[in-house]
Structures are given as structure tokens and as C-alpha cells.
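Hydrogens, waters and symmetry mates are skipped; everything else that's a heavy atom, side chains included, is used.
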Amino acid sequence: MAAFVLEFSLGVRISNIPGLSLKNIVLYGLIVSLFVVNMMRNKPVIAPNAVNVPIVLFIVYCLFSMLATALMKVVPNYSILPQLIFIKTYMDPFVLFVLAYSILHDEESIKKLLFSMVVLLVVFLAITALSAFDIVSVERATVDEKWGRSKGAFAEPNQFAAYLAAFVPLVLAFIFTSTKKVKKIIYTIVLVLTIFVLLLTGSRGGLVSLAASIGVYYVLHSKQPIMKSIFNLVGVYSVAFVGLVLIFFLLPENTASGLMLKISGEFVENSNTDYTSGRLSIWTRALEAFIYSPIFGTGWQTFIPLFGANSHSDYILFLVTTGVVGLGLFLSIFYAMFKEVMKWRSKDDCYSHFYNSYIGGLAAFMVSMLFVNIYNPTYFIMLYSALILRLGVLAAGRANNDKSDRPDKYDEKAENLIIDTNTRYKSVELK
């Protein structure tokens, strides 16, 4: 966890050599640990699950797309080696999922790691808030003078807002599962601080993602008929809106005015294209190009060379550059995760709050990808996914072991023997 803080927030680099960073050292350490731990336990090095196959297929397809793009010379100066490095960097979070899922073997360790993710969230919040109020100076978390937006702990406001929205449900899960009032109060303070810092980023997409995460978590948590839950959700959003307004008045003046201008001022004064920061114009041009190559796309990492701008949407990026096939494989990873968690959620009430929080966080993450290209937050979502999916498997295994120890699971012959013995005992006693 410390490596993520040092690299993502503080910008600490240990070497200029490609592939040798704090993040990568953590991944290399996990690979070594995975081999050692699983060999000592006589377990498979890679634990099988429903997500591994979509991940492998997606990585292989991206490699194929990269090689085809280089051979066909879709864009000038397209070099294989830099693209291989970029593919490796982009796929690191998915590799982290496989490693974390395979190395974890007990529920207590997973629960401690979930708690540590909340601790990490608090560290990121502290870095952002203290920098925003000039209490400490963190270059990567500075505030934009024009809009008053904090860049956040990831040096990019939309990225950081996506991360915060995805982990609000986890904080809610700890609030509901804590038995001590002191802990509930502490987690509630963390929740309020998270929303406050999200507003500091001035991210409109972050607010939409926050609404998605809270809404999905509430519907799953309420355990009411779906229509009644949706109706009650209006009340939940009303209360949340009042809370946002109250927190809004605590923002620095330049941040508050910049956020209001982005939400309402731009919409009144400018066109819809400008309100989306130019996204609609880029998406329109990109979709026009997609029509000419809908199956396999224009090629891996050809968006910026072809359109001269970032896509500002992971869905548009993969649809245009890797086609329907690439986007389908990308989405299949998250669908497999969702399907697995829903399966464990239906079988296990012990960790229902954590299953619900994960699905709410996943919903926020998927919504965030509509408006921004996600990089750093993917590491945390994939680690979160590995923890929750592994927790479900271990909880199901424990439940099966508990059932096998019950008397009602004896075979038929054993039951007949017990009945026959009891009958004989009673007959002797009567005589």
C-alpha cells in the first residue's frame, strides 16, 4: 500500500529504467511470494476462477491488435517496443488481480486488507485536503488557479474522483458492520471527508459516479422489492443532496465558484459541446471512423495519432481502437466479476455488506469510464475485486465444511443404525 502512496501521490521514482518502479517491485514481489506460498501449501500457483480467462483473452487480443497495427502501418512512427511497454503497464492491474486472488487463503487476512484499503483512502484524503488548504505542499495534489480544482492524490482530478466514488460504498459497509459506536463515528467522518474531497476535485463525472455507487448499494442493501427500493431511493438522494449542499459551503471560495461555473455556468453560456469539455466533438469524429472498421477497430493505441486528442472515455477508446471484439473482451472481465460476486452474495449473508459495497463500487467505476480514461484507480478496483471474490470462495468453502460436520448429513445406513439402536434401548428399558 505504501508503494502506491509514494508513486501515485508523491511521485517518488527509484529509477529511470523502464519497468523498475515501486509499483512494479511490489508486483515482482507478489509473483515470488505466490510461487513460494502456494508451493509450500501444495496448491496451484494460479488459483482458477471465472475472471482469469477473460483477462488472458483480452491481453492476447491487445497484443494481436498491436502487432497488426505495426505491420499495417496504420499510423506513422508506430514502434512495437514502446507499445509492448505500454500494454504491460496497462495490464498490470489485471495481473495484480490474478496474483492477489491466488495468494490469499484465509478470510481474516482478506478482512484486514479491506480495512487497509480504507486506511489507504484516508491517507489519500489527507494528502489532498492538506494540500488544498496549503497546510502541506504536495506538487501532484496542487489546486488549479482557474477552476479551484484540486488535482487530488493521483495528480488528475477526474481520476481521483473516480477512485473516491468507487470506495464510498466500502466505507458505508464498515459503518453498518461496526458494532462499536466509536468506530461508526470514525467511519462516518471518513465518509463525509471523502465526499468533501470529491467536491474539491470539481469533477462532474465523479458526482454522477457517486450517485451510481450510493444508489446501487442502497438498492442491494435494502432487501426490499426492486420497485419499492427505487421509490425509496428518491428519498435517499434527497437526503444526500442536502448533505452535499451543506458540505459545499465548507469548500474554499475559489473551488466553490469554479464548481458552480462548471455545473451551471458553462451550460448556460456555452454550447453542449463545450459543456462536455469537447468530448462530444471528439466522440463524434471517433464514431465516424469506427463505422469503417467496426470489428477489429483502427488498432491498439491509434486514437491520439488519428484524432489528435484523448478519447476521455474508455468505452469509446476500446470501441474505436480495438473494435467490437476488443470492447467485448474488456467488458467480459467486469461482467465475470459481477456474476461471481452475485453468486456468492446469494449464498452467503455473513459478508453481504461487503458484496453490496463492491457491486456499488463497481457500478461507480463503470460509470466513471464513460467520462474519463481510467489508469491509477484500476489498480485499486482490481485489488478490491480479488479480495471480494476470494472472500466469497473461502466463505462458501467454510459453509460447506460446517454442513459436513452436522449430524443431519450422515448417510442413510448410519441414520437407520441410530434409530434401530434407540428403539432397542427403549424396548429393553420398558421390559
Side-chain angles (χ1 to χ4, degrees), residues 124-125 128-129 132 141-169 191-217 233 236-238 240-284 286 309-317 360-378 381:
F124 285 143
L125 293 173
T128 305
T142 55
V143 177
D144 178 76
E145 294 182 1
K146 179 181 179 181
W147 298 106
R149 300 178 68 184
S150 171
K151 292 182 179 179
F154 296 165
E156 206 287 317
N158 292 322
Q159 297 273 328
F160 191 56
Y163 163 77
L164 295 179
F167 282 92
V168 162
L191 176 65
V192 173
L193 183 59
T194 304
I195 297 173
F196 174 75
V197 172
L198 194 152
L199 289 175
L200 280 177
T201 65
S203 174
R204 294 166 295 180
L207 291 173
V208 176
S209 300
L210 177 65
S213 68
I214 292 175
V216 171
Y217 179 78
L233 188 60
V236 173
Y237 280 142
S238 300
F241 178 76
V242 173
L244 282 173
V245 171
L246 294 175
I247 295 173
F248 177 82
F249 287 108
L250 299 176
L251 296 173
E253 184 178 351
N254 62 331
T255 303
S257 59
L259 182 60
M260 286 300 298
L261 186 61
K262 285 185 70 65
I263 292 175
S264 59
E266 283 188 1
F267 181 77
V268 174
E269 297 173 7
N270 301 316
S271 66
N272 287 337
T273 299
D274 289 334
Y275 183 70
T276 61
S277 302
R279 285 176 172 85
L280 285 181
S281 175
I282 297 170
W283 294 346
T284 301
N310 207 330
S311 65
H312 295 287
S313 171
D314 276 337
Y315 301 123
I316 296 293
L317 175 66
L362 184 63
F365 184 73
M366 300 302 287
V367 170
S368 295
M369 286 193 290
L370 285 168
F371 314 110
V372 66
N373 298 120
I374 304 292
Y375 295 106
N376 292 345
T378 311
I381 279 293

Residue list, side chain to side chain contact (heavy atoms under 4.5 Å, CB included) with Ala165, at least two apart or on another chain: Leu198, Ser209, Leu210, Ala364

Evaluation steps, side chain to side chain contact (heavy atoms under 4.5 Å, CB included), between Phe160 and Thr128: CA-CA 10 Å; Phe160 191 56; Thr128 305; 3.3 Å; yes

Side chain to side chain contact (heavy atoms under 4.5 Å, CB included) between Asn158 and Phe371, intermediate numbers included: CA-CA 9 Å; Asn158 292 322; Phe371 314 110; over 6 Å; no

For Asp314, what residues pass the side-chain hydrogen bond (donor to acceptor under 3.5 Å, both in side chains) criterion, not counting sequence neighbours? Asn373

Under the rule for ring pair (Phe, Tyr, Trp, His ring centres under 6.0 Å), what residues qualify as partners of Phe365, not counting sequence neighbours? Phe334

Minimum-distance pair of heavy atoms, taken over all atoms of Ile282 and Ser311: CG2-CA, 4.5 Å

Tell me, with the steps shown, if Leu207 and Leu199 meet side chain to side chain contact (heavy atoms under 4.5 Å, CB included). CA-CA 8 Å; Leu207 291 173; Leu199 289 175; 3.8 Å; yes

For the residue pair Leu164 and Leu125, establish whether any side-chain heavy-atom pair is separated by less than 4.5 Å. yes

If we ignore hydrogens and angles and just use 3.5 Å, is the side chain of Arg149 paired with the main-chain N or O of Pro157 as donor and acceptor? no

If you take the centroid of each ring, where Trp contributes its six-membered ring, are Phe154 and Tyr375 closer together than 6.0 Å? no

Test side chain to side chain contact (heavy atoms under 4.5 Å, CB included) on Ser313 and Trp283 and set out the steps. CA-CA 9 Å; Ser313 171; Trp283 294 346; 3.8 Å; yes

For Val216 and Ala363, work out which heavy atoms get closest and say how close. CG2-CB, 3.7 Å

Are any of the side-chain heavy atoms of Ser150 and Val197 separated by less than 4.5 Å? no

Rounded at 0.5 Å granularity, tell me how far CG in Asn376 sits from OH in Tyr163. 11.0 Å

Taking atom NZ of Lys151 and atom CD of Gln159, what is their separation to the nearest 0.5 Å? 13.0 Å

